[in-house]
Amino acid sequence: MTLVYTILFAGAMFVVMALIFRPLERVFPAKPDQPMRRPGFWLDLSFFVGQYVLWNGLCLWVVAMIGGGVRWLVPSAIVDTVASWPLWVQFPIVILLGDGLIYWGHRLQHRVGFLWRFHAIHHSAEHLDWLAAHREHPLDTIFTITLVNLPVFALGFPVEALALFAGFRGLWAIFIHANVRLPIGPLRVLIGAPELHHWHHDKARDAGNYANVSPIFDLLFGTYVHPGHEPEAFGVEEPSPKSYLGQLLWPFRRKKHADERLTLGRAGGDD
């Protein structure tokens with residue numbers, strides 16, 4: 001029965017997310033001509049189902065094990081102090097710390113060949129919308145959500161706060177992949193709008209915009225990109241498998257020279 005409930009939960013989540021994000025894509029489309037069942041739809045749907053039915057439990061278990069070890073690194077006095085703060089103080093601090101970690105971790109994913117092997121799965125999507133956000137290799141997911149939640153684990157936040165942070169970041173990650181372009185004007189230098197993350201998915205592997213919730217770290221370290229229009233093409237330069245199983249196995253089959261194209265910088269180069 002557990003499998004049945006898991007499948008029902010996955011179906012319910014698909015409906016809920018479609019009801020949240022599909023209207024936004026219809027009212028504020030970044031690419032107005034892109035249909036819901038665009039090329040790659042069934043592959044991304046497979047990733048969605050795989051994430052909710054197969055991998056979420058495993059990923060959360062691994063991250064919890066890592067988090068349990070990290071907590072011992074922080075003095076109890078700091079943990080007790082943070083725990084005494086109200087949630088409205090904890091929330092922005094955790095978001096900022098998590099964004100800093102994911103910024104540098106994300107840059108490493110693009111520059112270190114071994115990490116790029118798995119992260120390239122996510123970037124292989126040639127059409128972006130809320131469903132494409134789920135195209136992630138499970139090992140890449142473990143890397144990402146571990147980084148994002150390190151401050152939560154290390155500082156000993158309560159379960160309620162952990163659930164809030166995880167839910168917010170999950171929805172935000174889907175939002176910035178959505179086929180949406182919101183008229184937020186100068187606020188885009190504070191808010192990680194979809195139009196910024198769309199440029200991160202440009203075919204250039206070092207396209208920039210590595211931050212998540214806010215582009216503050218991109219602005220600080222010179223990787224902020226906003227040309228004012230959508231990229232011409234998403235995806236990766238090398239051909240990628242078109243099947244779910246093929247994509248899961250792709251990181252283990254790719255040739256070494258493809259990994260090393262931008263590993264740890266070309267001479268003097270940067271992102």
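Index from 1, following the sequence. Everything numeric here is computed off the predicted structure, so don't read it as measured data.
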Tell me, with the steps shown, if H226 and W199 meet side chain to side chain contact (heavy atoms under 4.5 Å, CB included). CA-CA 7 Å; H226 183 255; W199 272 100; 5.5 Å; no
Closest contact, heavy atoms only, [X] versus [Y]:
| X | Y | answer |
| --- | --- | --- |
| N209 | H197 | O-ND1, 4.4 Å |
| E195 | L182 | OE1-O, 3.6 Å |
| N179 | L128 | CB-O, 3.5 Å |
| E230 | R181 | OE2-NH1, 3.3 Å |
| F41 | M36 | CD1-O, 3.3 Å |
| A178 | H198 | O-NE2, 2.8 Å |

Within one Ile-Leu-Val-Met-Phe-Trp-Tyr cluster: I102 and F118, side-chain cutoff 4.5 Å: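 Yes, I102 connects to F118 through the hydrophobic network.
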Look at the side-chain heavy atoms of Ile, Leu, Val, Met, Phe, Trp and Tyr, link any pair under 4.5 Å apart, and say whether V180 and V225 land in one connected group.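 No, V180 does not connect to V225 through the hydrophobic network.
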The test is side chain to side chain contact (heavy atoms under 4.5 Å, CB included); show your working for H134 and D44 and say whether it passes. CA-CA 7 Å; H134 298 86; D44 289 330; over 6 Å; no
So, the side chain of [X] versus the backbone of [Y]: is there a donor-acceptor pair under 3.5 Å, distance only?
| X | Y | answer |
| --- | --- | --- |
| H123 | H201 | no |
| H106 | Y210 | yes |
| S214 | L190 | yes |
| S84 | T81 | yes |
| W130 | M17 | no |

Interatomic spacing from CD in Q247 to NE2 in H122 - rounded to 0.5 Å: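 It is 11.5 Å, given to the nearest 0.5 Å.
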Evaluate the criterion salt bridge (Lys or Arg N to Asp or Glu O under 4.0 Å) for residue pair R169 and D99; output intermediate values, then yes/no. CA-CA 10 Å; R169 280 207 176 268; D99 246 24; 3.2 Å; yes
